[in-house]
Amino acid sequence: MTKYIFITGGVVSSLGKGIASASIGKLLESRGLKISLVKCDPYINVDPGTMNPYQHGEVYVTEDGAETDLDLGHYERFTNAVILKDNNITTGKIYDSVIRKERQGEYLGNTVQVIPHITDEIKQSIRNVAAGTNLDVVIIEIGGTVGDIESLPFLEAIRQLKQELGRGNAIDIHLTLVPYIKSADEVKTKPTQHSVGKLREIGIQPDILLCRSEKPLGIDVRSKIALFCNVEVDAVIQALDVTTIYEVPLMFKAEKLDDLVLRLLNLNYKAHDLKYWESDVVKRIKNPQTSVKIAVVGKYIALQDAYKSIYEALAHGGIANNARVEIKKIDSEDIMRQGVHAYLNDVDGILVPGGFGLRGIEGKIQAIHFARVNKIPYFGICLGMQTAVIEFARNACGLENANSTEFKKKTRYPVISLLEEQQKIKDKGGTMRLGAYKCAVKKGTFAYSAYKKTQVFERHRHRYEFNNKFRNIFKKKGMVFSGIFTPKNLAEIVELRNHPWFVAVQFHPEFKSKPDSAHPLFREFVRAAVKSNK
Ligand code: GLN
């Protein structure tokens, strides 16, 4: 029988609930358990695909083509769990399904209500993840903070579920903040007491408290929290700030969190196996042999979370090369205002990530031109591939003012354009080219020397494609089409010879990179940057 761990958050947002959930997953996997993780998001959008990155941060794409919350990225990076569309449940998805059923007459004769219809739908969606699997544990992270109106149906659903599953089969772990007050030189437990009080008001008694704190929590503080929050003293776990997020599972292990979880869930377990993670991930991050500076030229630079997977994948490339990757975040509009030299003279590699819309495009094109002619390693991802194509068209193929029809509807040289099947689409949600597609990799290319395979699967999220009408002229001028989606003859990877490393891909390799197995293209890009730094 599958056991359940519910993770809720209190006091404030941004305490790192996603990383805590992923770390607990990692820790349980290290004890030989088979796990999965689910994120419940209380917003009414069916998925975050229609939200601005400033609202939501990165949209993470799963292998089966769902546009999901970025916490699912943490789940995949930390664990071996299979994370698909059903691992992200949103209020929008739940209501969409309930309303559809109502129209089909499934509730005929009844008033459809939040309790029981919405809560039943949530419970069913959570149970579906375990159905037909041999999972030992499913970890369910509830988005938002206790006290939010939006998350109430989710909390009610997990309260019911915990009750139905019975003692020993489900637990609640509550993540809270124990702030340090400098003037009093004390940590304060009151916000945690209030947060747990709020949870109890809606019928949930947490079993374990994860206390985020700047200062180590002494036994007196732990005892006080235990007494007022009604948990055992050893269920008050300190979660201190760490230098790298990949250290969190090790910190939880030191606090014996896994032993406690296994005991509360009556689970059999093996000894720890976290050695590789300790020596080949965390130790390497902390003791790099060299360092490189990589420019990420995008438009959502101000927001920490907008390019989450890109930043993580670069760090993984660093781990694989024993290098610290310093990321220089550059707003492409600043390049438009002040020129490339003000920003790119001191970097060892340049990466242009994915994106949408016209703003900042010309700055990205300038950055790519700089990388191409000055032979600085370049990695283009999705929009970063499309802008590399535009740059090459304009400056190497003589196709003056070449553009993507995304930025200019009527343009003489539409080197990036919509396929016919995309032109017909009116709805915005979930209608891009999404999820994993097969890519044939050509031998004797940068791509092949990274992958060492002639066939790979990579995840997509875009509408526009390279326009094959121009392929011959691009080839003639030296662009190599090293990755192709053969069923439709679509350009997936382009690269340049006579350059230390210039590779641009239509897909998003960052979604498949892990700290202990960097994505081959990120690994090779960082390697090229390290070389050019010497
Ligand atoms: N805007 C481009 C497209 O829709 C690129 C998308 C992306 O970078 N994810 O094709």
Side-chain angles (χ1 to χ4, degrees), residues 47-63 65-68 70 73 296-301 303 305-311 313 332 350-365 367-368 378-391 393 402-409 411 414-437 439 458-468 470 483 485 488 490-494 503-513 519 521-522:
D47 62 46
T50 51
M51 275 187 241
N52 185 317
Y54 280 120
Q55 295 269 321
H56 181 270
E58 167 186 281
V59 173
Y60 187 79
V61 182
T62 57
E63 200 74 358
E67 299 175 273
T68 70
L70 56 80
V296 173
V297 183
K299 75 171 172 185
Y300 305 111
I301 288 301
L303 191 82
D305 280 348
Y307 303 116
K308 192 92 208 160
S309 295
I310 297 269
Y311 298 151
S332 54
I350 298 174
L351 184 151
V352 174
F356 297 82
L358 176 65
R359 186 167 64 80
I361 288 298
E362 294 300 324
K364 292 178 185 172
I365 292 173
I368 295 164
Y378 174 73
F379 194 10
I381 291 176
C382 208
L383 183 64
M385 179 262 205
Q386 298 176 355
T387 40
V389 163
I390 296 171
E391 191 282 322
N403 217 330
S404 161
T405 54
E406 180 180 5
F407 315 128
K408 203 155 189 246
K409 277 240 144 40
T411 178
V415 288
I416 303 290
S417 63
L418 283 182
L419 293 183
E420 211 171 305
E421 62 204 52
Q422 273 289 341
Q423 285 173 18
K424 292 184 218 133
I425 293 172
K426 293 272 175 297
D427 280 2
K428 290 281 182 242
T431 58
M432 285 187 254
R433 183 177 168 211
L434 286 166
Y437 284 85
C439 171
E458 293 285 4
R459 299 182 196 170
H460 292 248
R461 179 174 186 251
H462 57 100
R463 281 186 207 287
Y464 294 81
E465 305 278 355
F466 178 81
N467 186 344
N468 279 334
F470 296 93
F485 175 54
K488 289 191 174 170
L490 299 175
E492 307 281 52
I493 313 176
V494 298
V503 177
V505 297
Q506 184 56 83
F507 46 79
H508 289 274
E510 70 274 25
F511 295 144
K512 292 181 88 160
S513 189
H519 187 285
L521 294 175
F522 277 90

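For clarity, every value in this text was computed on a predicted model and none was experimentally measured. Along the sequence shown, residues carry numbers from 1. Ligands are counted one by one from 1 in listed order, and the atoms in each one are counted from 1 as well.
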In terms of residue, atom name and distance, what is the protein heavy atom nearest to atom 4 (O) of ligand 1?
R463 N, 3.1 Å

Can you say whether the rings of H460 and Y437 are parallel (under 30°), tilted (30 to 60°) or perpendicular (over 60°)?
perpendicular

Quick one: does L490's side chain get under 4.5 Å of R433's, heavy atoms only?
yes

Side chain, backbone, both or neither: H462 near ligand 1, heavy atoms under 4.0 Å:
both

How about E465 and Q422: do any of their side-chain heavy atoms sit closer than 4.5 Å?
no

If every non-hydrogen atom of R461 is compared with every non-hydrogen atom of G49, which pair is closest and at what distance?
NH2-O, 3.2 Å

Identify, by atom number and element, the atoms of ligand 1 in contact range of E406, meaning under 4.0 Å from any of its heavy atoms.
1 (N), 2 (C), 3 (C)

Looking only at distance, does G354 have an N or O less than 3.5 Å from an N or O of ligand 1?
no

Distance alone, cut at 3.5 Å: any donor-acceptor contact between the side chains of E458 and H519?
yes

Looking only at protein heavy atoms, which one is nearest to atom 6 (C) of ligand 1, and what is the separation?
G355 O, 3.4 Å

Here the pair of heavy atoms bringing R459 nearest to F507 is O-CB, 3.2 Å

In the protein, what heavy atom is nearest to atom 10 (O) of ligand 1, and what distance, to one decimal place, separates them?
Y464 N, 2.8 Å

Ignoring hydrogens, what is the shortest heavy-atom contact between Y54 and R359? Give both atom names and the distance.
CE1-NH2, 4.3 Å

Using a 4.0 Å cut-off to any heavy atom of R461, which atoms of ligand 1 qualify?
6 (C), 7 (C), 9 (N)

Counting from 1, what ligand 1 atoms have a heavy atom of C382 closer than 4.0 Å?
5 (C), 6 (C), 7 (C), 8 (O), 9 (N)

Give the numbers and elements of all ligand 1 atoms closer than 4.0 Å to a heavy atom of H508.
9 (N)

Nearest non-hydrogen partners of S332 and G360, listed with the distance
OG-O, 3.0 Å

Heteroatom proximity flag, M432 to ligand 1, N/O under 3.5 Å:
no

Ligand 1 N/O within reach of Q506 N/O, cut-off under 3.5 Å:
no

